[in-house]
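By convention in this document, chain letters (A, B, ...) are assigned in the order of the sequence lines, proteins followed by strands, and residues within each chain are numbered from 1. Treat the numbers as computed from the prediction; the structure is a model and nothing was measured.
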Amino acid sequence: MLLGLSTILLVTGMATAPGDAAAGAIKGTVVLKGTPPELRKLAVTIDQYVCGKEKNPEDLLLSPQGGIRSAVVWLDKPPAVAGVEALPTTTAMDQKECMFAPRVVIVPTGGKVDFLNSDRLLHNLHATPTANAAFNRTQPKGRTITISFSHPEIIRVTCDLHSWMRSWVVVADHPFYALTNSAGEFELRGLPAGRYTLKVWQELLGTVSRDVVVGDQDPTAVTVDMSARSARPSAPSRASAPRFTSSCWPAFS
Amino acid sequence: MSLRTITETARQTTLLDQAHVRVGWSRQIEHALAMQMHFSSMALLAQSEDSVSLILRENNRFNDTLARLETAAPPEERTLIQAIREAQDDAMATVADIANAVRDRRMADAMTALRTRQEPIYQKIETLVGSLVAAEDKRMASLRTSIAAAQGRSLRQMAVFAIAAVAIALLAGFVISWSFILPVREFHGFLSQVAEGRFGGSVAVPNRDEFGALAERMNWMSGELRRLDDEQRVAAATSTARCRRTSASRWSTSRPTAVTCCGSSTTCSTCPRSRPDGSSSASTSTRCRRSWTSCTRP
């Protein structure tokens, strides 16, 4: 499924304000190059009155121009600058119609994620991170469960009751993290001029690195091609992702 | 009326089927409820994730079935189902608390939640579901009675229709058959008259169908026969008179002549020469001889 895929990482730098060493910014777009993967809907056979009968796999969401949504971009070795806008310490992640929304969130170390449940059924948050504490919480409708994350890590969160549900919490150890929007665009601000290594992670395509030079005046434009061959998948592939079937639930008798 | 009865019966049968499905769902809810209680107890005993997940699955199954029931329920049952739904929301929160307590090894909390919250809620839900099942059973019984009555009406109407249909068929057969028999009888009488030589009669068939046309042609034929017969009679009389005159004349002048009148009275033919007394050697038919005799007597 993933063979033959390729992506392009487009990173367009923009100039920082003249005379302000920490006012530079990187503004770019992450796009997929090549033929997009076939969209195969996931069959839903339980709790259809809330979850629907099928779900779109959201592990790789693309804009019409090929922009990749919900990719995480950060600087590998961030500069030590003061006054940079910090990431919000608390982020919310809802469970609506048996899907996490948003699918990927970024929190700083020590930050919290408020997991909500807007569905009129039970969900079960389950994650087994390596650096942070594991959690396995059952959640009724309307209840918010807050989880704190103290160590930088990319954590996969699932629902034990609905196997297609999956989300990611990216715990950031510095403020130079960004999440691409629906067009695949991102922005990192408050950077002093210099040479940086930009890292981009996407749950299906893995992680890629790219050196970026941020100027003190002019925007820095960087285009990075990223293909499936260069990707190092850190997330389960679509083919290996568990597919919910009726066998997951015992037949009612 | 019969169509209306059939339509009404079909509608009630559909309602009965839907009620039966809802009763099935209600039974499933009861079953899921019992299974939740069972798995909750098992989770407290086993203190394992597997037993906890079984509680959660049963609870979601309860939710799913209740949602289907809520969608399909008639308006008069919505209030009851809403009460079940509210109780189920409490039960869902309690189940989550028990599950999390078991995972956290807070067994005393789990036990307390089970005894003080879950059991009363489940008893309440069980009572509500029982009321729902009873309401559906009552509805089904009413529908069955109604369907049975409708079927009885339908049977009676069918019987009446069958009898009426047979009577109409017999009457129609009688009328249709006599509409054939009467003209045929007329024709029979008419043709008997013709066969007896009584021409000029007519047949009275006022039909506007093929019988009427046939009668018209027969009447025309009868007239033609009468006309021809009259002409024939006139011709015969004329011929007979002429023959007699001829025979008398010839007999008086030359007796041996063989001119005679043969046949009935309308034709004259020449017989072999012979005497009127039949002493001729020629072969003469008896008929001719009779005619000769007849002819020779003016």
Side-chain angles (χ1 to χ4, degrees), chain A residues 43-55 95-99 114-129 133-148 157-165 242 244-253, chain B residues 24-36 39-40 43 48-72 82 84-106 110 113 117-118 121:
Chain A
V44 176
T45 56
I46 59 162
D47 301 336
Q48 291 182 340
Y49 74 99
V50 170
C51 305
K53 293 184 177 178
E54 57 185 13
K55 290 290 177 189
Q95 295 163 90
K96 201 168 185 179
E97 296 178 357
C98 303
M99 294 292 278
D114 288 336
F115 291 97
L116 313 175
N117 179 8
S118 298
D119 292 333
R120 202 165 194 171
L121 47 71
L122 289 172
H123 285 304
N124 195 84
L125 298 168
H126 197 177
T128 54
F135 55 91
N136 183 14
R137 299 279 92 180
T138 300
Q139 189 176 21
K141 179 184 186 303
R143 180 179 293 181
T144 300
I145 294 178
T146 302
I147 306 289
S148 297
V157 182
T158 60
C159 173
D160 287 345
L161 298 172
H162 306 102
S163 62
W164 64 89
M165 292 178 66
F244 192 86
T245 63
S246 58
S247 62
C248 296
W249 285 63
F252 189 86
S253 58
Chain B
W25 288 343
S26 301
R27 301 287 186 201
Q28 287 185 22
I29 284 176
E30 285 181 326
H31 185 265
L33 206 60
M35 292 300 286
Q36 278 183 75
F39 288 134
S40 297
S48 66
E49 183 62 32
D50 289 342
S51 54
V52 170
S53 63
L54 288 174
I55 311 172
L56 308 182
R57 288 173 181 174
E58 287 301 329
N59 191 272
N60 273 358
R61 179 178 297 169
F62 185 103
N63 268 321
D64 185 70
T65 311
L66 185 59
R68 280 186 282 167
L69 193 59
E70 195 171 17
T71 305
Q82 186 59 33
I84 297 173
R85 170 61 75 188
E86 289 170 2
Q88 163 61 11
D89 285 345
D90 294 339
M92 192 159 50
T94 307
V95 163
D97 290 340
I98 291 174
N100 292 332
V102 170
R103 284 166 179 155
D104 296 341
R105 295 292 185 266
R106 292 183 286 109
R117 294 168 58 195
Q118 193 176 26
I121 291 172

Look up atom [atom1] in [X] and atom [atom2] in [Y], then write down how far apart they are to the nearest 0.5 Å.
{"X": "B/Ser53", "Y": "A/Leu161", "atom1": "OG", "atom2": "CG", "answer": "8.0 Å"}
{"X": "A/Leu125", "Y": "B/Asn100", "atom1": "CG", "atom2": "CG", "answer": "9.5 Å"}
{"X": "B/Glu70", "Y": "A/Arg120", "atom1": "CD", "atom2": "CZ", "answer": "6.5 Å"}
{"X": "B/Leu69", "Y": "A/Tyr49", "atom1": "CG", "atom2": "OH", "answer": "12.0 Å"}

Among the options B/Thr71, B/Asn59, B/Asp89, pick out the one with the most heavy-atom pairs lying under 4.5 Å from chain A. B/Asp89
Which of the residues B/Asp64, B/Val95, B/Thr94 is involved in the greatest number of heavy-atom pairs with chain A at under 4.5 angstrom? B/Asp64
Please check if any side-chain donor atom of B/Glu49 sits under 3.5 Å from a side-chain acceptor atom of A/Asn136, or the reverse. yes
With a 4.5 angstrom heavy-atom cut-off, could you sort out which part of A/Arg137 is near chain B: side chain, backbone, both or neither? both
Is chain B contacted by the side chain of A/Asp160, its backbone, both, or neither, given a heavy-atom distance below 4.5 Å? side chain
Side chain proximity check, A/Ile46 to B/Asn60, heavy atoms < 4.5 angstrom: no
Test item: B/Met92 and A/Thr138 side chains (from C-beta on) under 4.5 Å apart, heavy atoms: no
Check A/Asp47 with B/Arg57, please: is the shortest side-chain N to carboxylate O separation under 4.0 Å? no
Non-hydrogen atoms of chain A under 4.5 Å away: do they reach the side chain of B/Gln88, the backbone, both or neither? neither
